[in-house]
Protein chains: 2
Amino acid sequence: MVTVRDVARESGVSISTVSRALAEPERVAPETRDRVVAVANRLGYRPNRAASGLRAGRTGALGLVVPDLENPYFASVTKGVQARARQTGHAVFVVDAGEDPALETELVTGLRSQTDGLVLCSPRAAEADLDAARDAPVVLVNLRHDGVPSVSSDDAHGVLLAVEHLRALGHRRVAYVGGPDRSWSDARRRAGLDVARERYPDVETVTVGSFRPRVEGGRAAADLVVASGATAVLAYNDLVALGLVARLRERGVDVPRDLSVVGFDDTFVATLASPPLTTVRTDLARLGARAVDRLVAALGTRRGAAADGSHDPATSPDDVLPVELMVRDSTTLAPTRDLPAR
Amino acid sequence: MVTVRDVARESGVSISTVSRALAEPERVAPETRDRVVAVANRLGYRPNRAASGLRAGRTGALGLVVPDLENPYFASVTKGVQARARQTGHAVFVVDAGEDPALETELVTGLRSQTDGLVLCSPRAAEADLDAARDAPVVLVNLRHDGVPSVSSDDAHGVLLAVEHLRALGHRRVAYVGGPDRSWSDARRRAGLDVARERYPDVETVTVGSFRPRVEGGRAAADLVVASGATAVLAYNDLVALGLVARLRERGVDVPRDLSVVGFDDTFVATLASPPLTTVRTDLARLGARAVDRLVAALGTRRGAAADGSHDPATSPDDVLPVELMVRDSTTLAPTRDLPAR
DNA sequence: GTGAAAGCGCTAACAC
DNA sequence: GTGTTAGCGCTTTCAC
């Protein structure tokens with residue numbers, strides 16, 4: 001391993017000059033700097049981040065905890081986090097908690113000692129967040145909690161958009177297929193449903209249990225949805241929507257003719273299905289990027305202008321990203337027989 | 001931050017005793033150990049990995065570079081890498097190279113200084129691998145190269161299985177839709193095609209260009225496939241297969257009645273489509289896990305029994321994981337009109 | 001069985 | 001503008 005010492009010896013300067021030449025070039029004489037840089041390159045010198053981090057009290061690493069990497073939603077958020085972190089000079093430890101609250105807690109604890117801060121995406125653990133968030137820089141994605149900075153999308157509004165869309169198509173009985181019990185996003189969607197119910201009393205809504213946020217979940221829910229008598233269904237996410245569509249097809253229920261289906265998130269699978277899903281879109285890469293921005297801002301504050309808190313981006317109001325309804329082919333006019341008599 | 005010093009003071013011992021009590025409990029008197037451990041827990045002491053790593057010359061971190069996290073293939077491999085690394089006590093830096101060879105090279109260089117070793121999954125960069133692999137512990141996934149340890153699936157055999165399946169269904173003209181130019185997997189599939197051609201001279205094979213390994217790629221390829229006169233098509237991966245199916249449907253070509261489609265990888269999207277895809281399966285989590293095992297073995301060697309090389313798992317023959325043909329509904333008998341006259 | 005002390009590679013005062 | 005030096009938190013000889 002090449003160290004500052006090697007570079008120093010080889011270029012005839014002291015180790016501090018080497019350090020400066022690389023980190024603060026303007027504080028070193030041009031010719032010295034050029035020589036040092038040249039030697040460093042020739043020797044293939046790479047600063048040891050553990051060492052510089054140890055000195056600086058930072059590791060240069062961030063941690064990201066997600067419930068399931070194979071869920072395209074989290075894959076996209078991870079991609080966004082990762083890209084933005086690279087721009088801010090951080091590497092990202094990515095951890096898959098396997099939808100397991102206990103494991104999640106354990107992982108968060110473990111990550112804290114080797115990162116400068118954490119992004120917890122859709123955490124399933126409840127109490128653990130408290131502990132971790134207390135004395136470590138943490139940003140939550142899709143969960144709001146006390147004074148912990150958080151970034152999320154406007155799920156409730158997304159539900160409202162979907163209901164308005166369905167109502168305009170003549171649907172008067174809409175089912176919602178719920179996600180994981182511990183999911184805050186699910187709670188937000190249900191809240192959106194309440195708003196919709198209040199605003200459009202002519203639309204009945206029924207909610208159907210809580211299901212795994214995967215294709216199987218949708219398959220499991222399909223029969224309940226049919227039995228509910230709804231003419232349209234809003235799914236917890238795109239995967240659930242796809243499961244619904246698949247199972248409905250098997251039962252001979254045509255989508256959208258017999259039943260309109262709306263997904264959530266507009267992950268890439270939404271357009272894979274036939275018919276392509278009408279779904280509520282959020283910019284997931286941006287969600288991840290925003291989380292990193294908040295986190296990095298919080299890190300800066302800790303070391304910088306301290307607890308003023310006035311224009312501190314780390315404690316600024318929670319970010320809520322806008323949503324957009326992508327209308328595709330899985331929704332259409334309500335079946336005539338189910339239209340209310342006029 | 002709680003340090004060894006705090007624990008030492010609080011429990012009335014020296015810092016070295018604290019260190020031992022936690023790392024080598026047997027070398028410390030039971031009561032001393034218990035006291036130290038109790039204090040450490042009470043204070044919430046977490047060893048600083050940067051510091052211990054600095055001393056030990058290891059970071060406890062591995063790096064994983066993938067071309068695209070949103071591709072379910074890499075999401076699954078990442079999940080496997082991550083799970084296994086946790087078991088071996090390593091954290092994983094995950095980096096998305098965005099299918100960009102130059103960025104990939106840059107990221108590899110950057111990661112080297114903060115990891116003990118790297119897993120490069122389906123690298124698109126060519127020369128850079130050489131550099132990185134030369135003096136850093138590296139394991140390649142889906143690429144074989146010189147003496148660098150590598151793990152891959154038996155793609156060529158997968159192609160053979162697919163062709164045999166199609167041949168048995170009466171297909172005599174099979175198209176292959178190729179993947180990225182820099183993809184070694186693509187080359188392996190073409191090699192499998194050569195073997196199939198030799199073994200079954202009655203089956204004609206045509207290859208169609210190179211396409212992006214995504215749904216759009218499949219859409220772009222669909223018309224060429226139809227024009228080729230093939231009655232069956234083998235796609236570079238499941239996403240491409242789905243793109244094919246989608247575009248074919250739009251053109252009124254029924255899958256599988258008019259054209260049989262075979263995917264590759266059996267990612268979760270394979271069963272999302274209608275019809276569910278016949279595809280070549282590999283255990284992707286296992287692929288990732290094996291890569292970590294190889295890497296960790298290589299790390300051990302570096303620090304341990306040195307260059308004996310006889311039973312060294314780090315330099316053992318390349319791992320090739322078996323494949324399996326998952327027959328679903330996207331393949332069926334060749335259209336009668338295209339069957340050879342008897 | 002335990003403590004003192006050296007040092008991993010680096011940066012940041014502090015001198016000159 | 002450059003060199004010397006003191007640690008960051010930890011592990012690991014080496015004494016006792």
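Keep in mind that this is a model prediction, so the values were computed, not measured. Labels below follow one simple rule: chain letters A, B, ... track the order of the sequence lines, proteins then strands, and each chain is numbered from 1. Note: hydrogens, waters and symmetry copies are ignored here, and every other heavy atom, side chains too, is used.
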Colleague: Take S122(B) and W184(B) through the test side chain to side chain contact (heavy atoms under 4.5 Å, CB included) and record every step on the way to the result.
Modeller: CA-CA 7 Å; S122(B) 307; W184(B) 185 80; over 6 Å; no
Colleague: Can you give me the closest heavy-atom contact between V2(B) and L43(B), atom names plus distance?
Modeller: CG2-O, 3.2 Å
Colleague: Any donor-acceptor pair under 3.5 Å linking the side chain of S183(A) with the backbone of S185(A)?
Modeller: yes
Colleague: Taking only N/O atoms, report every protein-nucleotides 7-9 of chain D pair under 3.5 Å with atom names and distance.
Modeller:
residue: dG7(D); atom: N2; partner: R55(A); partner atom: NE; Å: 3.1
residue: dG7(D); atom: N2; partner: R55(A); partner atom: NH1; Å: 3.4
residue: dC8(D); atom: O2; partner: R55(A); partner atom: N; Å: 3.2
residue: dG9(D); atom: N2; partner: A51(B); partner atom: O; Å: 3.1

Colleague: Mind running salt bridge (Lys or Arg N to Asp or Glu O under 4.0 Å) on E10(A) and R42(A) for me, showing each step along the way?
Modeller: CA-CA 10 Å; E10(A) 197 75 10; R42(A) 179 160 58 78; 3.6 Å; yes
Colleague: Walk along DNA chain C from 5' to 3' and tell me the first and last nucleotide with an atom closer than 4.0 Å to a non-hydrogen atom of chain A.
Modeller: dG9(C) to dA13(C)
Colleague: End-to-end bend of the helix from dG1(C)-dC16(D) to dC16(C)-dG1(D) (five-pair axes, 10° rounding)?
Modeller: 40°
Colleague: Return yes if some donor-acceptor pair links the side-chain N/O of T3(B) with the main-chain N/O of R5(B) below 3.5 Å, else return no.
Modeller: yes
Colleague: Please determine, by modelled atom types, if N142(A) and S152(A) share a side-chain donor-acceptor pair under 3.5 angstrom.
Modeller: no
Colleague: Indicate yes or no for a side-chain donor-acceptor contact from R20(A) to the backbone of V28(A) under 3.5 Å, with no hydrogens or angles considered.
Modeller: no
Colleague: Let's see if you get this right: which residues in residues 86-93 of chain B place a heavy atom under 4.0 Å from DNA chain D?
Modeller: none
Colleague: Do any N or O atoms from the side chain of T78(B) and from the backbone of F74(B) form a donor-acceptor pair under 3.5 angstrom?
Modeller: yes
Colleague: May I ask you to decide if I15(B)'s main-chain N or O and S19(B)'s side chain share a donor-acceptor pair within less than 3.5 Å?
Modeller: no
Colleague: Is it true that a side-chain atom of D68(B) and a backbone atom of G98(B) form a donor plus acceptor pair closer than 3.5 Å?
Modeller: no
Colleague: In chain order, what residues pass the side chain to side chain contact (heavy atoms under 4.5 Å, CB included) check against L107(B), with sequence neighbours excluded?
Modeller: R86(A), V95(B), A97(B), L103(B)
Colleague: Quick one: does T115(A)'s side chain have a donor or acceptor within less than 3.5 Å of a partner on L111(A)'s backbone?
Modeller: yes
Colleague: What residues from residues 17-41 of chain B pass a heavy-atom cutoff of under 4.0 Å to DNA chain D?
Modeller: S19(B), R20(B)
Colleague: Using 4.0 Å as the upper bound for N to carboxylate O, is an ion pair formed by R124(B) and D181(B)?
Modeller: no
Colleague: I'd like to know if E26(A) pairs up with R33(A) as an ion pair, taking the criterion as any Lys NZ or Arg NE/NH1/NH2 lying under 4.0 Å from an Asp or Glu carboxylate oxygen.
Modeller: no
Colleague: For the pair T17(A) (side chain) and V13(A) (backbone), establish whether a donor and an acceptor sit closer than 3.5 Å, ignoring hydrogens and angles.
Modeller: no
Colleague: Starting at the 5' end of DNA chain C, which residue's closest nucleotide do you reach first, I15(B) or S16(A)?
Modeller: I15(B)
